[in-house]
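Heads up, the thing below is written out as structure tokens.
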Amino acid sequence: MSIPMRMVQMGLLGVFGLLALYMAANARDTAFAVHAWIFFAAAVLGLFWMARQTSYDGVRKQGVGDDEYMMDVVKAGVIAAVFWAVVGFAMGVYVASELAWPFLNWDTSNTNFGRLRPVHTTAVIFAFGGNALIATSFYVVQRTNRTRLAFGNLAWFVFWGYQLFIVLAATGYVLGATQGREYAEPEWYVDIWLAIVWVAYFLVFFGTIVKRKVKHIYVANWFYLSFIITVAMLHIGNNLAVPVSFFGSKSYSLLSGAPDAITQWWYGHNAVGFFLTAAFLGMMYYFIPKQADRPVYSYRLSIIHFWALTFIYIWAGPHHLHYTALPDWVQTLGMVMSVILWMPSWGGMINGLMTLSGAWDKLRTDPILRMLVISVAFYGMSTFEGPMMSIKSVNALSHYTDWTVGHVHSGALGWVGMISMGAVYYLVPRLWGRERLYSYTLVSWHFWLATLGIVLYAASMWVSGIMQGLMWREYDDQGFLVYSFVETVEAMHPYYVIRALGGTFFLVGGLLMAYNVWQTIRGRVRAGEAALVEARA
């Protein structure tokens with residue numbers, strides 16, 4: 001990069017840092033002040049980093065040539081995904097334990113369940129899942145289009161800007177700065193920052209496709225691109241808000257009442273549909289064929305899967321608002337579209353599983369492939385359970401109960417978690433030029449710990465949720481409720497303990513993954529497993 005361009009960028013960072021100082025000096029509340037100082041620290045660190053990247057003759061000290069892939073940012077994304085996975089899983093175990101043993105809430109408002117629960121969801125969904133998506137999408141788009149990422153260091157801005165968003169969101173929750181919108185809790189200025197980062201993400205990804213060196217655009221890129229575009233639309237539409245002050249964190253939604261509710265669940269369900277489903281299907285369509293060393297079972301089915309999912313998913317959000325002030329026809333539309341959605345979802349599941357045709361024997365010896373395949377099985381189960389729960393008569397029992405929690409986590413941990421961790425295991429040896437992972441035995445242990453953890457978690461919540469729903473609708477001969485709310489909470493206690501245990505198993509698996517990745521990066525091979533290289537060759 002030339003000196004003038006680098007100086008412009010450093011100048012912009014300097015202005016950004018001064019603006020952050022001005023925001024901190026005029027902050028109206030603690031959360032806004034803390035975030036202003038975080039912005040300032042980010043600007044200072046960015047200036048130091050850019051200065052170190054430039055030598056006196058104007059030539060970057062480090063970097064790869066224009067004819068090579070840009071893999072350093074992918075490496076950073078993989079490391080960040082592993083780090084945030086452990087943080088998110090640990091926070092999940094803690095907040096689950098707070099429900100099982102309420103004394104863990106302590107006496108401070110900053111560490112109670114209400115403030116830590118969104119820290120967990122953001123860390124797992126957006127920090128772990130988001131970094132896995134950024135890293136794998138940057139890897140896949142370069143490999144399948146045989147070209148370097150577009151717009152130079154803009155990919156690094158996407159990576160570091162996204163990490164800044166995660167830190168701002170999490171610290172905001174602990175300090176009480178939240179919109180209280182499911183999966184969209186960050187306040188207005190954090191939302192603006194994420195929108196800027198997301199536009200840069202789109203430019204890098206789409207720009208790489210535009211300058212591709214092959215004629216065909218592989219289907220995984222379709223899913224990644226649909227996720228990037230749709231999440232931007234959802235994020236902007238759902239987060240239209242009016243700040244109370246430009247120097248304070250508090251804001252109010254531009255909408256209210258039923259329109260606000262339908263906008264939130266148009267966003268909420270399609271965040272599931274495009275962030276947690278379509279994007280990770282892009283991961284599935286690349287990494288399962290690669291690990292199995294088999295072509296996609298049906299490329300035509302993958303195209304049908306893409307278009308059907310894209311057109312139907314966007315209508316399913318109203319099923320979150322059955323028996324509310326939402327017009328009945330809108331509720332019914334959401335239910336019908338959710339049931340129809342089952343068919344393309346299972347078409348994608350069948351396509352992923354059938355890709356192993358002629359390679360099923362590899363499941364006995366390859367724990368990475370086993371992890372990728374079971375993720376597709378969980379995807380199929382979740383995409384059957386979701387449409388079933390959208391049916392009004394079923395929803396009357398399941399909604400607002402732990403059944404929903406079990407459903408969400410069977411999808412989030414089983415589908416998103418497993419396929420992301422499988423992709424990490426695939427990428428790490430290739431990115432760092434190692435012949436193999438440090439230990440396939442640890443991968444196998446991780447697989448079984450994670451699977452057992454998911455089963456304990458989801459099954460306990462299914463039982464707890466159905467029990468909740470039945471207790472809440474139990475009436476005596478006089479028409480009074482048989483059980484008080486306290487009695488239902490007391491009955492759920494053993495299931496909450498089982499959920500915490502299941503989460504602990506999943507966390508231990510994540511720690512094994514972090515250790516395995518760290519040792520692989522160091523170039524080590526676990527003693528006694530060297531012969532496994534020849535066996536798997």
Can you find a heavy atom in the side chain of [X] that is under 4.5 Å from one in the side chain of [Y]?
| X | Y | answer |
| --- | --- | --- |
| S302 | Y299 | yes |
| T277 | Y379 | yes |
| L341 | L309 | yes |
| F89 | F128 | yes |
| P429 | R436 | no |
| K250 | P243 | no |
| R294 | L356 | no |
| L225 | I229 | yes |

Please round to the nearest 0.5 Å and tell me the distance separating atom CG of L12 and atom CG of L19. 12.0 Å

Between CE on residue M91 and OG1 on residue T121, distance to nearest 0.5 Å: 10.5 Å

If the plane angle is over 60° it's perpendicular, under 30° parallel, otherwise tilted; pick one for [X] and [Y].
| X | Y | result |
| --- | --- | --- |
| Y201 | F227 | perpendicular |
| F246 | W188 | perpendicular |
| W198 | Y162 | tilted |
| W37 | F40 | perpendicular |

Less than 3.5 Å apart, which donor and acceptor atoms pair up between the side chains of residues 278-290 and the rest of the protein, not counting sequence neighbours?
{"from": "Y285", "atom 1": "OH", "to": "H305", "atom 2": "ND1", "distance (Å)": "2.9"}
{"from": "Y285", "atom 1": "OH", "to": "N351", "atom 2": "ND2", "distance (Å)": "3.3"}

List the atom pairs, donor and acceptor, that lie under 3.5 Å between side-chain atoms in residues 414-421 and the rest of the protein, sequence neighbours left out.
{"from": "W415", "atom 1": "NE1", "to": "L276", "atom 2": "O", "distance (Å)": "3.0"}
{"from": "S420", "atom 1": "OG", "to": "V416", "atom 2": "O", "distance (Å)": "2.7"}

Any donor-acceptor N/O pair, [X] side chain to [Y] backbone, under 3.5 Å:
| X | Y | answer |
| --- | --- | --- |
| T144 | Y218 | no |
| N145 | T147 | no |
| H235 | D191 | yes |
| T122 | V119 | no |
| S390 | P387 | yes |
| W342 | T383 | no |
| D366 | L369 | yes |

Name every donor-acceptor pair, under 3.5 Å, that has one atom in a side chain of residues 311-318 and the other anywhere in the protein, sequence neighbours excluded.
{"from": "W315", "atom 1": "NE1", "to": "F311", "atom 2": "O", "distance (Å)": "3.3"}

Tell me, with the steps shown, if H409 and F506 meet ring pair (Phe, Tyr, Trp, His ring centres under 6.0 Å). CA-CA 11 Å; H409 282 79; F506 204 86; 9.5 Å; no

Is NZ or CZ of [X] both nearer than 6.0 Å to the six-membered ring centre of [Y] and within 45° of the ring axis?
| X | Y | result |
| --- | --- | --- |
| R370 | F447 | yes |
| R430 | W432 | no |
| R181 | Y183 | no |

Do other residues, nucleotides or ligands put more than 12 heavy atoms under 6.0 Å from the CZ atom of R522? yes

With a 6.0 Å cut-off (strictly less than), is the heavy-atom count around CZ of F206, excluding the residue itself, greater than 12? no

Locate the shortest heavy-atom distance separating [X] from [Y]; write the atom from each residue and the value.
| X | Y | value |
| --- | --- | --- |
| N221 | V141 | OD1-CA, 3.5 Å |
| S410 | M381 | CB-CE, 3.7 Å |
| D293 | K362 | CB-NZ, 3.5 Å |
| S382 | H407 | O-CE1, 3.2 Å |
| Q142 | V74 | NE2-CG2, 4.2 Å |
| V73 | W156 | N-CZ2, 3.6 Å |

For the residue pair [Y] / [X], report whether a side-chain donor-acceptor contact shorter than 3.5 Å exists.
| X | Y | result |
| --- | --- | --- |
| Q163 | W84 | yes |
| T136 | Y224 | yes |
| H35 | S249 | no |
| T263 | N238 | no |
| Y297 | S357 | no |

Should E182 and R117 count as an ion pair when the cut-off is N to O under 4.0 Å? yes

Verify ring pair (Phe, Tyr, Trp, His ring centres under 6.0 Å) between W222 and F306, making sure each step is shown before the conclusion. CA-CA 8 Å; W222 295 31; F306 171 81; 5.4 Å; yes

Would you check if the distance from the ring center of F138 to the ring center of F205 is below 6.0 Å? no

side-chain contact (heavy atoms from CB on, under 4.5 Å) for M70 and R148? Distances and angles first, verdict last. CA-CA 6 Å; M70 187 175 179; R148 183 181 170 87; 3.9 Å; yes

